[in-house]
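For reference, the structure is listed below as structure tokens.
Order of the sequence lines fixes the chain letters, A, B, ..., with proteins taken first and strands second; residue numbering starts at 1 for each chain. Computed from a predicted structure; not experimentally measured.
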Protein chains: 2
Amino acid sequence: MNGETSISTEESILVAARKVFESKGFDGARMQEISDLAGINRALLHYYFRSKEKMFERIFDEALERLMPLLSTWDHDPEESWESKLKRFISTFITFLKANSMLFLLREIIRKPDLLASRTKKYRKGVNKFVHYFERLKAEQLIRPDVDSRYIYIIIHSLCSFPLMNAIVFSYSLRISGKDYEELMKGYPELISDLMIQLLKYQKN
Amino acid sequence: MNGETSISTEESILVAARKVFESKGFDGARMQEISDLAGINRALLHYYFRSKEKMFERIFDEALERLMPLLSTWDHDPEESWESKLKRFISTFITFLKANSMLFLLREIIRKPDLLASRTKKYRKGVNKFVHYFERLKAEQLIRPDVDSRYIYIIIHSLCSFPLMNAIVFSYSLRISGKDYEELMKGYPELISDLMIQLLKYQKN
DNA sequence: TTTACATTTAACAAAAATGTTAAAATATTC
DNA sequence: GAATATTTTAACATTTTTGTTAAATGTAAA
């Protein structure tokens, strides 16, 4: 059929496409730039993927797929405390987002909501797990009962995602270099873990 | 010079441009769509603003300008408690972001970092005020001293911005309609005000 | 009513981007 | 080395988009 070569070429195209699509978005991405970055010529792009659209969808799907395993953190597991689960989730979520890009997904979903709607019931199942996990904790009176689990979901995701997707603006605002911002953010996962735990700890009035 | 007409035409073009640029971004925006939305023809767009670029910069600058008054919340004012200031900031910030778009600014700054770099020392002054305000509170032992003021800045902004710019995704994830998400978010400003206050309250030990 | 500005129309120019193709060159495998 | 698959080259077609222009029409105000 086909040798090693074609697989690694396809892969190198995908790597380039990922980079360009993630930084410039679908509308800003140029086929020429992708082929340049992949070190091949434009014609070969169409030889492997028929069109820009098709190539993009491949990249988008992969990005969405990478997001999902994260949510499986929230399976019920009597061995692990919720505090530890929370810490683990926050730390892996932030690490994950460094390499990938929430902004990419968000930008493209807003451009074309179908992208989300037509895919992945799986994703919503993951979210369900999350909400149910915290509902159970509330039922068992392990955390305070008066905070809507959906708020917990929103808050955690906001605290994890935004500081990374907004890194450029934050580092500019705070007058520090990108490197120094990264440095600053090293203490961040622990801080927000503590913050969340403090928020959730059961308090009789 | 020129009558009422031209002003309101220019304004209606700007309104349309704002809408299109904010939802599609510079790369996705089409001059045709803007002129259609403004109810005029494409030629008139160039009569008023020479080019797409120029028009965009006008929109971008205005969006950035609207952001700044918010930061003046953080002037020192011995009359008002920090808790009240915090609440007021969070509530106005969230209201502001509903109409405008943080995502727009972020997306375009990433596309072309010059947009931010070439503008507005004013903006950074506002951020300075914020950081200094909390440094003072720490010096006066009114809040706990062990949280870097920059983290406070990052956390507040994340909690305010992200739930709004990510509304589509959150409402999809949580399986509720856009309307219901808005409804849900009514209780949100108060929750995060409390959360922040709880985080900052001085704790010996 | 004349002058100046505002707006439309419609055609066009130019550039940028995507997509196609055929033929030649290169590499791989049998 | 013959056969097959990969890749380049280069030219071209098509479409989309931005930007321009000139002429006609409308409108408001001096």
Legend entry - Atom pair distance, as rounded to whole Å: CD1 in B:I40 and P in D:dT25: 21 Å
Inset, instruction - May I ask you to decide if the ring planes of B:F56 and B:F26 are parallel, tilted or perpendicular, using 30° and 60° as cut-offs? - result: perpendicular
Legend entry - Ring-face cation of A:R66 near A:F96 (centre distance under 6.0 Å, axis angle within 45°): no
Legend entry - Distance in angstrom units between A:F49 CZ and C:dT18 C1', rounded: 16 Å
Inset, instruction - Verify the distance criterion only: is there a donor paired with an acceptor across the side chains of A:D36 and A:Q32 at less than 3.5 Å? - result: yes
Legend entry - Distance test, side-chain N/O of B:T9 to OP1/OP2 of C:dA6, below 4.0 Å: no
Inset, instruction - Look at A:N41 and D:dT8 and indicate whether a side-chain polar atom (N or O) is within less than 4.0 Å of OP1 or OP2. - result: yes
Inset, instruction - Please state whether the phosphate of C:dT7, meaning OP1 or OP2, lies under 4.0 angstrom from any side-chain nitrogen or oxygen of B:Y48. - result: yes
Inset, instruction - Starting from P on C:dT18, measure out to CZ on A:F26 and report it in whole angstrom. - result: 8 Å
Legend entry - Separation of atom CE in B:M55 from atom P in D:dT17, rounded to whole Å: 15 Å
Inset, instruction - Describe, in one word, how the ring planes of A:F134 and A:F130 are oriented to each other, choosing from parallel (under 30°), tilted (30 to 60°) and perpendicular (over 60°). - result: tilted
Inset, instruction - Would you mind reading off the distance between A:L45 atom CG and D:dT8 atom C1', rounded to a whole angstrom? - result: 14 Å
Inset, instruction - Find the distance A:L44:CG to D:dA5:P and express it as a whole number of Å. - result: 16 Å
Legend entry - B:T95 (side chain) donor-acceptor with B:S91 (main chain) under 3.5 angstrom: yes
If you restrict it to nitrogen or oxygen atoms, what contacts under 3.5 Å exist between nucleotides 19-24 of chain D and the protein, and what is each distance?
from: D:dG19; atom 1: OP2; to: B:H46; atom 2: NE2; distance (Å): 3.4
from: D:dG19; atom 1: OP2; to: B:K52; atom 2: N; distance (Å): 3.0
from: D:dG19; atom 1: N7; to: B:R42; atom 2: NH2; distance (Å): 3.0
from: D:dG19; atom 1: O6; to: B:R42; atom 2: NH2; distance (Å): 2.6

Inset, instruction - Quick one: label A:A38 by what it contacts on the DNA or RNA (base, sugar-phosphate, nothing), any heavy atom closer than 4.0 Å. - result: nothing
Legend entry - A:Y47 side chain near D:dT6 phosphate (N/O to OP1/OP2, under 4.0 Å): yes
Inset, instruction - Return the value, rounded to whole Å, for the distance between atom CD of A:Q32 and atom C1' of C:dA15. - result: 15 Å
Inset, instruction - Would you mind reading off the distance between A:F56 atom CZ and C:dA17 atom P, rounded to a whole angstrom? - result: 18 Å
Legend entry - Under 3.5 Å donor-acceptor, A:Y153 side chain and A:V127 backbone: no
Legend entry - Polar side-chain atom of B:K98 near backbone of B:L164 as donor-acceptor pair, under 3.5 Å: no
